[in-house]
Amino acid sequence: MKRRTWFTIIAIAIIIGVYVYEYVLVEAEQAEIVLEGKEAKANTNAFFLPTSTTNQIIHHNGYSLSYSEPHEQAEWVAYELKKSHLSNTNHKRPYFEIDKAVKTGAASWRNYKNSGYDRGHLCPAADRRYTKAAHDETFLTSNISPQDHQFNAGIWNTLEQKVRYWARKYNGVFVVTGGVLSGRMKTIGREGVSVPNYFYKVLIDSNSGKTKMIAFLMPHKDSSKPLYEFVVSVDEVEALTGIDFFPELADELENKLEASRSYKDWSF
DNA sequence: CTGGCGGTC
DNA sequence: GACCGCCAG
């Protein structure tokens, strides 16, 4: 055969190869999404799960939480935001429901009505758009905290968008977030839902090379400062909340990463 | 994206 | 109370 013929054959083979490869990749991703719910506890909630100071951990398919009955909200909500979770699908916004999995009785959404505060998602609805079920599951009252609207739609929203950016960039991140339930707090509603004075977010990435962490502590008010101004060490968040964030991590690594307040490994 | 709210049945 | 559609930053 002529050289040109060989070249043509090889070119076609490469093109077919790429298509087959992509097809297999897409199939694998879809299979992963289908399994998401069943594997949530094993994948999302095992290794990086924080400790509970309230002894009430609840696992949902899309996230886990530790519920604080005295403050009528979660002390933390934890979930893995995989790159494959990121989706542009629009879902109709459902109504908030009382989380029946909370045995002590989760707060009613009525506490928030006319309170002047948003029902602020802890696990954002936008992080669970991959299925309608996952999206709707974020509308449980165990996943919300009273948030000032300017804060929620402002700097906090900006941080949540940055988390999605990192999930895309670093092939997924594990997220732990909540209000700091300590000190003197305002309360709202008949059940007295505490209004946190600070909110935190702790991230760990173990998917893109060496394991890295970053933590944010934000006063409960909107700000025009850049996000990195709110970076603190994980140790600082632990000191405020009493939560041990990554107890399953090897001690040496945990101690080193949690003491650091450097954000050089995180692209802003 | 983050949400509230008023009107209707 | 549930639902729809409109509203704002």
- Item | With sequence neighbours excluded, residues passing side-chain contact (heavy atoms from CB on, under 4.5 Å) with Ser208(A) | Tyr170(A), Asp205(A), Lys212(A)
- Item | Listed partners of Ser108(A) passing side chain to side chain donor-acceptor pair (under 3.5 Å), at least two apart | Arg110(A)
- Not counting sequence neighbours, which residues clear side chain to side chain donor-acceptor pair (under 3.5 Å) with Tyr200(A)? List them please. none
- Query: Given atom CD1 of Ile98(A) and atom C1' of dA2(C), what is their separation to the nearest angstrom?
  - Reply: 15 Å
Would you please name every residue forming a salt bridge (charged side-chain N to carboxylate O under 4.0 Å, His left out) with [X], sequence neighbours left out?
X	value
Arg261(A)	Glu236(A)
Arg164(A)	Asp127(A)
Asp99(A)	none

- By ring-ring contact (aromatic ring centres under 6.0 Å, His included), Phe151(A) pairs with (sequence neighbours left out) Trp156(A), Phe199(A), His220(A)
- Message: Return a single string for nucleotides 2-9 of chain B, one symbol per nucleotide in 5' to 3' order, where B is base contact, S is sugar-phosphate-only contact and - is none, cutoff 4.0 angstrom on heavy atoms.
- Response: BBS-----
- Item | Qualifying residue for side chain to side chain donor-acceptor pair (under 3.5 Å) with Tyr67(A), from Gln56(A), Lys103(A), Glu72(A) | Glu72(A)
So which protein N/O to nucleotides 4-7 of chain C N/O distances come out below 3.5 Å?
| unit_1 | atom_1 | unit_2 | atom_2 | d |
| --- | --- | --- | --- | --- |
| dC4(C) | OP2 | Lys92(A) | NZ | 2.5 |

